[in-house]
Protein chains: 2
Amino acid sequence: MDRHTEVTPSDIQEMNDGVDAWVANDFSGTCPVRDVLDRVGDKWSVLVVLRLGRGPERFRALLRAVAGISQRMLTVTLRGLERDGLVHREVFDTRPPSVEYSLTPLGHSLLGHITGLANWAVAHEADIHQAQKTYAQKQG
Amino acid sequence: MDRHTEVTPSDIQEMNDGVDAWVANDFSGTCPVRDVLDRVGDKWSVLVVLRLGRGPERFRALLRAVAGISQRMLTVTLRGLERDGLVHREVFDTRPPSVEYSLTPLGHSLLGHITGLANWAVAHEADIHQAQKTYAQKQG
DNA sequence: CCGTATCCAAATGGATACTG
DNA sequence: CAGTATCCATTTGGATACGG
């Protein structure tokens with residue numbers, strides 16, 4: 001292969017054997033991959049989980065930390081993640097009130113994978129931009 | 001930790017060090033993680049890349065293989081992936097015409113990561129559904 | 001500080017019909 | 001077969017204002 005490939009083709013084939021059946025499943029109405037994508041594939045969930053991977057954080061801190069997110073979307077995203085058991089919400093009865101969010105064990109198990117994805121994004125940023133440039137030129 | 005965790009906390013911390021700066025970047029207008037999420041975080045890209053991970057495939061075959069995708073969305077998704085250099089499009093001048101899609105080296109390098117994510121989805125399907133059930137009950 | 005509620009603009013994506 | 005084009009319903013998410 002080439003420099004892009006961090007895993008061997010046989011590794012990938014082996015890994016794929018486990019998910020093939022779930023990509024194409026005309027026979028069933030449910031698909032675990034589809035489920036996870038619907039949940040974690042939204043605009044903010046991955047960024048929030050990545051941030052919470054550093055450690056527990058309060059609402060305001062998250063709002064400042066995740067670039068570009070609105071108050072509403074942070075709430076919506078956190079509720080979704082909490083609902084799916086990826087994030088834990090702890091309320092402290094202080095004045096003014098404070099709420100701390102943290103990853104659950106399940107959330108941590110996901111963190112490893114999306115961190116890998118994030119690092120891939122950073123590593124191949126240049127490749128993608130180059131490809132886009134080339135593609136644009138081919139269109140004329 | 002517990003049974004959910006396939007990577008150690010120190011592994012994650014180490015991996016995180018590489019992406020932290022890109023999650024919260026109020027200073028810059030661009031974020032590689034955001035970029036990749038916008039591209040690969042749509043409804044179909046991951047499923048298409050996973051499918052192409054098995055090997056090159058033609059348009060009709062993909063349409064049948066990826067459960068639930070429409071003709072339009074397959075076209076749109078493939079164009080996006082082609083544009084970003086993840087998928088290669090090869091036209092054969094036959095009657096009727098046939099077009100074969102395959103992963104580029106860059107696409108293969110991504111495949112490893114999203115396959116991991118897909119396997120996580122399959123592995124923790126039950127955990128998520130359980131969490132959702134528990135959450136629903138807490139609301140009453 | 002930590003939300004919720006409302007409103008609204010934009011993006012997403014499905015159905016259908018049509019072309020080379 | 002492999003698209004493209006059009007139309008339209010749904011979803012997403014940002015702005016804003018308000019409440020505990």
Side-chain angles (χ1 to χ4, degrees), chain A residues 26 29 31 33-48 51-52 56-84 87-102 135 138-140, chain B residues 26 29 31 34-49 51-52 56-84 87-102 135 138-140:
Chain A
D26 311 76
C31 167
V33 182
R34 177 76 279 143
D35 284 350
V36 153
L37 259 46
D38 285 343
R39 184 101 306 289
V40 126
D42 64 18
K43 196 170 179 181
W44 299 110
S45 292
V46 166
L47 290 178
V48 169
R51 180 68 192 189
L52 287 178
E57 208 151 26
R58 291 176 52 185
F59 189 86
R60 278 288 146 183
L62 276 172
L63 198 59
R64 281 187 296 267
V66 180
I69 197 169
S70 67
Q71 187 168 355
R72 178 179 125 84
M73 288 317 296
L74 180 56
T75 300
V76 170
T77 302
L78 286 170
R79 287 298 167 277
L81 293 172
E82 188 191 357
R83 183 186 140 91
D84 291 352
V87 158
H88 173 68
R89 180 174 181 265
E90 180 103 34
V91 182
F92 296 97
D93 197 6
T94 57
R95 274 299 301 258
S98 71
V99 180
E100 191 179 79
Y101 294 91
S102 56
Y135 184 88
K138 282 198 299 187
Q139 309 307 313
Chain B
D26 311 75
C31 168
R34 175 79 278 145
D35 284 350
V36 153
L37 259 47
D38 286 344
R39 184 100 310 287
V40 124
D42 65 16
K43 197 171 181 182
W44 298 110
S45 291
V46 166
L47 290 178
V48 169
V49 171
R51 181 67 194 190
L52 287 178
E57 207 150 29
R58 291 174 53 185
F59 189 87
R60 279 285 147 186
L62 277 172
L63 197 60
R64 281 186 297 266
V66 180
I69 198 171
S70 67
Q71 186 168 357
R72 180 180 122 84
M73 288 317 297
L74 181 55
T75 299
V76 170
T77 302
L78 285 170
R79 287 297 169 278
L81 293 172
E82 188 192 357
R83 182 185 141 91
D84 291 353
V87 158
H88 173 68
R89 179 173 180 267
E90 180 101 35
V91 182
F92 297 96
D93 197 8
T94 57
R95 272 303 299 259
S98 72
V99 180
E100 191 179 79
Y101 293 91
S102 56
Y135 184 87
K138 281 198 300 185
Q139 309 306 314

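Note that the structure is a prediction, hence the values are computed from the model and not measured. Worth knowing before you read on, the calculation uses all heavy atoms, side chains too, and leaves out hydrogens, waters and symmetry mates.
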Rounded distance (Å) that lies between atom P of C/dC2 and atom CZ of A/Arg60: 7 Å

A/Ser98 (side chain) donor-acceptor with A/Thr94 (main chain) under 3.5 angstrom: no

Listed nucleotide nearest any side-chain atom of A/Gln71, set D/dG13, C/dG13, C/dT4: C/dT4

Euclidean distance, B/Phe92 CZ relative to B/Arg58 CZ, rounded to 0.5 Å: 9.0 Å

Sugar-phosphate, base or nothing in reach of A/Arg95, heavy atoms under 4.0 Å: nothing

A/Lys43 vs D/dT11: side-chain N/O to OP1/OP2 distance below 4.0 Å: no

Per A/Trp44 side chain, nearest of listed nucleotides C/dG13, D/dG14, C/dG3: D/dG14

Candidate nucleotides C/dC2, D/dG13, D/dT4, ranked by approach to the side chain of B/Arg79 - the nearest: D/dT4

Length of the line joining B/Leu78:CG and D/dT4:C1', which is rounded to integer Å: 14 Å

Test item: A/Arg51 and A/Leu62 side chains (from C-beta on) under 4.5 Å apart, heavy atoms: yes

Any B/Arg72 side-chain N or O less than 4.0 Å from OP1/OP2 of C/dG14: no

side-chain N/O B/Arg64 vs D/dA2 OP1/OP2, d < 4.0 Å: no

B/Arg34 side chain to A/Lys43 backbone, donor-acceptor under 3.5 Å: yes

B/Asp42 CG to D/dT11 P, straight-line distance once rounded to whole Å: 17 Å

Nearest to side-chain heavy atoms of A/Ser98, which nucleotide of C/dC2, D/dA2, C/dG13: C/dC2

Spacing of CG belonging to B/Asp42 relative to CG belonging to A/Asp42, to within rounding of 0.5 Å: 12.5 Å

Whole-Å gap separating P (C/dG3) and CD (A/Glu100): 12 Å

Touch class at under 4.0 angstrom, heavy-atom based, for B/Tyr101 against every strand present: sugar-phosphate

Whole-Å distance separating the CG atom of B/Leu62 from the P atom of D/dC1: 13 Å

Spacing of B/Leu74 atom CG relative to D/dA2 atom P, expressed in whole Å: 10 Å

Rounded distance in Å - CE (B/Met73) to C1' (D/dT10): 13 Å

Between C1' of C/dC1 and CZ of A/Arg89, the distance in whole Å: 12 Å

Which residue lies more 5' along DNA chain D, comparing B/Thr75 with A/Pro97 via nearest heavy atoms: B/Thr75

